[in-house]
Amino acid sequence: MTNQQQLHLDTQAPAHRYRYCRRCGRPLKAQDSRLRGYGEHCDPTQHPKPAPARDIDQDHIPGT
């Protein structure tokens with residue numbers, strides 16, 4: 001890598017920083033939250049979605 005390429009890498013703008021949570025809209029205070037765009041309680045990687053419900057085919061109960 002040349003000096004000119006290294007200089008270009010050093011002067012690039014930092015990653016986009018969010019000011020408000022993308023889920024609830026509250027202001028973000030922590031730097032890592034601002035980089036992710038989600039607050040501590042709204043981060044989808046910390047709270048995965050529950051497994052989808054499964055429909056099971058069953059025989060009817062006689063007499064109903």
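The figures here come from the full heavy-atom set of this structure, side chains too, leaving out hydrogens, waters and symmetry mates. Counting from 1, the numbers follow the sequence of the chain as shown.
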**OP:** Please name all residues satisfying salt bridge (charged side-chain N to carboxylate O under 4.0 Å, His left out) with Asp32, sequence neighbours left out, ordered by chain then number.
**Re:** Arg36
Original post:
Does any N or O in the side chain of Arg34 come within less than 3.5 Å of the main-chain N or O of Arg19, such that one atom is a donor and the other an acceptor?
Top reply: no
**OP:** Tell me, please, which residues at least two apart from Arg26 pass side chain to side chain contact (heavy atoms under 4.5 Å, CB included).
**Re:** Cys24
**OP:** For Leu28 and Tyr38, work out which heavy atoms get closest and say how close.
**Re:** CD2-C, 3.8 Å
**OP:** Starting at CZ of Arg17, measure out to CD of Gln31 and round the result to the nearest 0.5 Å.
**Re:** 5.0 Å
Subject >> From NE2 (His41) to OG (Ser33), nearest 0.5 Å >> reply: 9.5 Å
